[in-house]
2 protein chains.
Amino acid sequence: MTMKEIAEIAGVSVATVSKLLNNKPNRISAETRERVLKVVQEYHYTPNSIAKGLKIKRTNTLGFVLPDIRNPYFSEIGKGIQDELAKHNYGVLFCNTDNDMKKEESALYMLDTKMVDGVIMTQSRSAEYLKNSNLGHIPMVFVDRVPSMFEGIGTVHINEKKEFYKSTSYLLEHDCKRIAYISAKPLLSNERLAGYEEALAKYQIPFDSDLIYLGEYDVETGNKGIENIFSDCANVDGVVCGNDLIAIGVLNWFNENNIKVPSEVKVIGFDDIYISSYLNPKLTTIAQPAYQMGAQAVKMLLNHINNEAPLEKVELECTLVIRDTV
Amino acid sequence: MTMKEIAEIAGVSVATVSKLLNNKPNRISAETRERVLKVVQEYHYTPNSIAKGLKIKRTNTLGFVLPDIRNPYFSEIGKGIQDELAKHNYGVLFCNTDNDMKKEESALYMLDTKMVDGVIMTQSRSAEYLKNSNLGHIPMVFVDRVPSMFEGIGTVHINEKKEFYKSTSYLLEHDCKRIAYISAKPLLSNERLAGYEEALAKYQIPFDSDLIYLGEYDVETGNKGIENIFSDCANVDGVVCGNDLIAIGVLNWFNENNIKVPSEVKVIGFDDIYISSYLNPKLTTIAQPAYQMGAQAVKMLLNHINNEAPLEKVELECTLVIRDTV
DNA sequence: GGCCTTTGGGTAAACGTTTTCCCAAAATGA
DNA sequence: TCATTTTGGGAAAACGTTTACCCAAAGGCC
């Protein structure tokens, strides 16, 4: 069923149908309106938004580029995006990159060909590509990681340095003296590590590179990291983790090695993913407002698309969630 | 940059460019080919697949309708879908329904307007809508839940009855006599519960409805369910959970109430989500091949779209993962 | 009655592709 | 040399919308 057919059946022109369905400022008599609407209903007419998109150059679709949807942090962001988008009749194309630059580039290319109205990016590795290919015309907001090198993009982020200062300090306040730091290798500058260092400095504890392990943001990194660190020096009494997944790995290793948390060693995570409150022991962590970050990114993008509002840079606050690991 | 502009710059017709870029069986001289390709590269031409889609009636996009992306089981399926799709240059629109029929219907409507080439559905509540609105033309495969009432759709599913027979039997083999069953209210017939009952019958253990709790597929249900059951009868020595999330809730409640797993009571989950192997104690469960289910659904859909292969119904096998809760 | 305004629509050109024909020139064959 | 085939490529319609104009009829006003 096309609009043309509907028009013929209702005995009007396609222009009339189009204007009616999009309620454009146009005068249409009550009878005509009803007649057309009845035909639309009866034949289950579904507008073709591909054709529409071609004409109006808007697809009502956004792209979401992320490393891996299985990471609870990103699915939380994704849920925020979708819920917000559903309110506005928008769709969203998910693109997993597995932190692979090539995949990220082809995702971006695909989104471009599909004429999305905007894209939400996390953890970009393709700064070069973004600059060279002329993707500049498509509105972007970065959530989570903020590439400083771009102008004209929006960002929704947290103050990583501040938050890790917070998490490290919390351990320090609870009498930890030798605090390990296990996280992922940074893409850009290591703000997180800087926060850790700053907290240490404040308590006049010397920085010790033996206490640092950098891998990925996953459970395995936690497992391997803590094993690594303990094999060198066993007197660790606190662990700052780059995210909750890492913390889970750490907790797991402690459990298998009969090291008691929090009595012998304290652990703090980051993100506060869903599962963290159900672990045993329950994970103390810094809650990142992932859901809101997703929703916020959408709001900014839509506001920019519809009202030409400039894309801002917004910083969100995290909160300490006190549970049982410190 | 449009194809027309490229054609003009290269001094050929759009037809030539189109045929070249889609490498259609058409004779193009080496010189022309190179000349056009150079222009394409130089100007970073990106084909507009919206326009293409309008013309060829294919969008290279699939829809994925699911309850909630934050459920690890569904993100696992989603990852399988995406990885498989990425190989074929397809995109996928994610639609969360929150198990709400209205949301599901509007998701389906949106996918229809967006002219997706097919959709992958989980847990449909809108059988009526599917029948009435003329969505019949769009290829569908259901994964996870199989609505028996439809013809002409594909399915990728497991044998729920068999698998729950398996999980219950495993508890029975480990000397459990009073086994609770905590799961979600079924949309269709309760195959899972039937498997549980059958296993009980085989061991000549009477079915006791006090041992059954039906809620949602989430942690809270596990928590509340086991509390509920224990308030009535405390002599439960095994728990069959409808999924791992529920099992996590159960484990959590046992932990808070100082009931030892597996010595006092044994617990078995279902799904084998990522986190299950990192719990404390590690969860014994039945692993559902979620990733493959997603990938398989894509393969079927694509094979149907490209080669007109009929949509089949495939049943996948689950495997028991023995860990520490029984 | 003549003129102007409103009302209720219609025409047709775009949007950026694909694809069915079509055709000129060159090559081939006899 | 002439007819036929091959080679390389172009014209234009179509896909299903939107929208800038256009216009006839009816009503209002004097």
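These numbers come from a predicted model, not from an experiment. All chains are named by letter (A, B, ...) in the order of the sequence lines, taking the proteins before the strands, and each is independently numbered beginning at 1.
- One can place CZ of Arg58(A) at 14 Å from C1' of dT18(D), the figure rounded to the nearest angstrom.
- Aromatic ring pairs are classed by plane angle as parallel below 30°, tilted from 30° to 60° and perpendicular above 60°; the pair Phe64(B) and Phe94(B) is perpendicular.
- Rounded to 10 degrees, the angle between the two end axes of the helix from dG1(C)-dC30(D) to dA30(C)-dT1(D) is 50°, with five pairs used at each end.
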Worksheet item: Given the rule in the salt bridge (Lys or Arg N to Asp or Glu O under 4.0 Å) test, do Arg70(A) and Asp68(A) qualify, once you have shown the distances and angles that lead to the verdict?
Response: CA-CA 5 Å; Arg70(A) 288 173 302 185; Asp68(A) 188 345; 3.1 Å; yes

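- Note on Asn22(A): a side-chain N or O is less than 4.0 Å away from OP1 or OP2 of dT18(D).
- Counting any heavy atom pair closer than 4.0 Å across all strands shown, Ser18(A) reaches a base atom.
- Using a 4.5 Å heavy-atom threshold, the side chains of Val65(A) and Leu111(A) count as touching.
- For Gly53(A) against Ile50(B), the heavy-atom pair with the smallest separation is C-CG2, 4.4 Å.
- The nearest pair of heavy atoms linking His157(A) to Met293(A) is CA-CE, 4.1 Å.
- OP1 or OP2 of dT18(C) lies within a sub-4.0 Å distance of a side-chain N or O belonging to Lys52(B).
- Under 4.0 angstrom from either OP1 or OP2 of dT19(C) there lies at least one side-chain N or O belonging to Lys24(B).
- An OP1 or OP2 oxygen of dG16(D) is reached within less than 4.0 angstrom by no side-chain nitrogen or oxygen of Tyr45(A).
- Note: NZ (Lys57(A)) to C1' (dT19(D)) measures 14 Å, nearest angstrom.
- Taking atom CG of Leu54(B) as the reference point, atom P of dT19(C) lies 12 Å away to the nearest angstrom.
- Within the 4.5 Å cutoff, the side chain of Leu37(A) has heavy atoms near those of the Leu20(A) side chain.
- Lys114(B) has its NZ atom 14 Å from the P atom of dT17(D), to the nearest Å.
- When the C1' atom of dA14(C) is taken as reference, atom CG of Asn48(B) falls 14 Å away, rounded to whole Å.
- In this entry the distance linking CD of Glu8(B) with P of dG16(C) reads 12 Å, nearest Å.
- Leu301(B) and Val119(B) make their closest contact through CD2-O, 3.8 Å (heavy atoms, listed as atom of the first residue, atom of the second, distance).
- Straight-line distance from the CG atom of Leu21(A) to the P atom of dT18(D): 8 Å, rounded to whole Å.
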Discussion item. So if I define the base as every atom that isn't primed, P, OP1 or OP2, how would nucleotides 9-14 of chain D read as a B/S/- string at a heavy-atom cutoff under 4.0 Å?
Written reply: BBB--B

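- Look at CG on Asn60(B): it is 12 Å from P on dT18(C), rounded to the nearest Å.
- Thr59(A) and Lys114(B) make their closest contact through O-NZ, 2.9 Å (heavy atoms, listed as atom of the first residue, atom of the second, distance).
- Using a distance-only test at 3.5 Å, with no hydrogens or angles considered, no donor-acceptor pair links the side chain of His44(A) to the main chain of Val40(A).
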